[in-house]
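Quick notes on the structure that follows.
Because the structure is predicted, anything quoted here is derived from the model rather than measured.
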Amino acid sequence: MDEVIVGDDGKARCPWAGLGKDEQYQRYHDKEWGRPVTGERDLFERLSLEAFQSGLSWITILRKREAFRAAFANFEPAVVAEFGQSEIDRLMADAGIVRNLMKIKATIGNAKALLALPEGTTLTSVVYAHAPAEPRPLHAPIPSSTSESTALAKELKKKGFAFVGPTTAYAMMQAIGLANDHFPGCWVANSMPGATVGEIA
């Protein structure tokens, strides 16, 4: 599907599956997806949720986001990094989240990796250093990964992060505005261009 869909409010939006029938999904599209996100906690949350989304639909994760926040101490890296076996057992018993042991352990490990970044380096700086030099041409197909997301995934893994492959990295880049992948004709497409490194300087 490559045609925008028009909602009850008359606005044209990206043709994501189910977008026009789910108010929460529509609000996420309009208010969050593709808009710049900086700050270690917020980026850690986005990175974690994108990892949990791997193999699932994003709407599944979106509907569970508040449960994820409650389960993972609002994604405060310093708190999550201290999670031990009792917290892992608690998370594996929490029906409100995705109970995947590998993803849970990766989230805890990623919090530790974030805190272990060298002085002067932040998750924000690492992610935004991989912003595309040029925006994707408006009518070009939307990729599942790019050379920049591949490089970002490689850099994150080098720094101790896990469960962050090129596709997951690109999904996060889309979500935080490093790639403006709203469809042509979508009302958000031109109102919120992709973020650039200069915007977070």
Side-chain angles (χ1 to χ4, degrees), residues 24-25 27-28 31-131 144-145 148-178 195 200:
Q24 183 181 21
Y25 209 12
R27 185 166 58 250
Y28 172 74
K31 302 294 185 181
E32 295 186 60
W33 194 74
R35 297 178 184 270
V37 174
T38 59
E40 299 301 271
R41 193 217 68 82
D42 289 340
L43 277 179
F44 176 59
E45 177 181 324
R46 295 302 183 92
L47 181 66
S48 300
L49 293 179
E50 292 294 351
F52 272 103
Q53 186 270 337
S54 179
L56 302 170
S57 66
W58 176 247
I59 188 59
T60 297
I61 302 302
L62 185 62
R63 289 171 177 162
K64 293 176 178 286
R65 181 163 61 171
E66 291 307 318
F68 270 110
R69 287 172 171 169
F72 282 94
N74 203 34
F75 289 99
E76 291 292 345
V79 179
V80 177
E82 295 298 320
F83 280 10
Q85 189 58 49
S86 61
E87 285 81 12
I88 292 174
D89 293 341
R90 171 180 61 79
L91 292 165
M92 286 297 294
D94 189 343
I97 67 170
V98 175
R99 292 176 287 183
N100 181 298
L101 184 59
M102 290 180 63
K103 293 177 181 180
I104 288 170
K105 287 185 174 181
T107 301
I108 297 169
N110 288 347
K112 294 177 180 178
L114 187 157
L115 296 178
L117 288 172
E119 185 175 355
T121 300
T122 63
L123 180 57
T124 301
S125 67
V126 172
V127 171
Y128 277 80
H130 293 82
S144 60
S145 64
E148 291 89 357
S149 74
T150 299
L152 174 57
K154 182 177 180 179
E155 182 65 19
L156 288 171
K157 289 179 180 179
K158 181 180 177 181
K159 294 185 182 305
F161 289 80
F163 237 98
V164 186
T167 300
T168 296
Y170 190 65
M172 182 178 67
M173 292 169 76
Q174 291 174 302
I176 66 173
L178 281 185
I200 66 165

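- At least one donor-acceptor pair closer than 3.5 Å links the side chain of R41 to the backbone N or O of N74.
- Of the inter-residue distances, the one linking F163 atom CZ with K157 atom NZ reads 10.0 Å to the nearest 0.5 angstrom.
- Going from atom NZ of K112 over to atom CG of N110 covers 11.0 Å, rounded to the nearest 0.5 Å.
- Between Y170 and Q174, some side-chain heavy-atom pair lies under the 4.5 Å cut-off.
- Within 6.0 Å of CD in E82 there are 12 or fewer heavy atoms belonging to other residues, nucleotides or ligands.
- Side-chain N or O atoms of E45 include none that pairs as donor or acceptor with a backbone N or O of D42 at under 3.5 Å.
- Contact record, V98 with F68: N-CZ, 3.5 Å, taken as the closest heavy-atom pair.
- Within 6.0 Å of CE in M92 there are more than 12 heavy atoms belonging to other residues, nucleotides or ligands.
- Contact of the R65 side chain with the R69 side chain is registered, since non-hydrogen atoms from C-beta on lie closer than 4.5 Å.
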message: Go through it in stages, so that I can follow the logic: the residues are E50 and R46, the test is salt bridge (Lys or Arg N to Asp or Glu O under 4.0 Å), and I'd like the CA-CA distance, side-chain angles, deciding distance and then a yes or no.
response: CA-CA 6 Å; E50 292 294 351; R46 295 302 183 92; over 6 Å; no

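- To the nearest 0.5 Å, the span separating CG on L123 from CG on L47 amounts to 6.0 Å.
- Every ring pair (Phe, Tyr, Trp, His ring centres under 6.0 Å) that F72 has, sequence neighbours left out, goes to F52, F75.
- In terms of heavy atoms, A169 sits closest to V164 at CB-CG1, 4.3 Å.
- The CG atom of L43 sits 10.5 Å away from the OG atom of S48 when rounded to the nearest 0.5 Å.
- Taking every heavy atom of both residues into account, H130 and E148 meet most closely at O-CB, 3.4 Å.
- To the nearest 0.5 Å, the span separating CG on L152 from OG on S145 amounts to 11.5 Å.
- Residues T124 and E40 have side chains in contact (heavy-atom distance under 4.5 Å, counting atoms from C-beta outward).
- Heavy-atom minimum distance, L178 versus V127: CD1-O, 3.6 Å.
- Every side-chain hydrogen bond (donor to acceptor under 3.5 Å, both in side chains) that R63 has, sequence neighbours left out, goes to D22.
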Working for side-chain contact (heavy atoms from CB on, under 4.5 Å), residues L117 and F161: CA-CA 10 Å; L117 288 172; F161 289 80; 4.2 Å; yes

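- A pairwise comparison of heavy atoms in A153 and G165 identifies CB-C, 3.5 Å as the closest pair.
- Contact annotation: the side chain of K103 never approaches that of L101 to less than 4.5 Å [non-hydrogen atoms, C-beta and beyond].
- Residues passing the salt bridge (charged side-chain N to carboxylate O under 4.0 Å, His left out) test with K159 are E155, sequence neighbours excluded.
- Although no hydrogens or angles enter the test, the distance criterion places a donor-acceptor pair under 3.5 Å between the side chain of S149 and the main chain of P166.
- Side chain of R99 to main chain of I104: no donor-acceptor pair is present (N/O by atom type, distance under 3.5 Å, no hydrogens or angles).
- Taking 4.0 Å as the cut-off between side-chain N and carboxylate O, E32 and R35 do not count as a salt-bridged pair.
- Counting all heavy atoms, side chain and backbone alike, P77 lies closest to F44 at CG-CD2, 4.0 Å.
- Separation of atoms NZ (K105) and CG (L91) is listed at 12.0 Å; rounding is to 0.5 Å.
- Using a distance-only test at 3.5 Å, with no hydrogens or angles considered, no donor-acceptor pair links the side chain of D94 to the main chain of R90.
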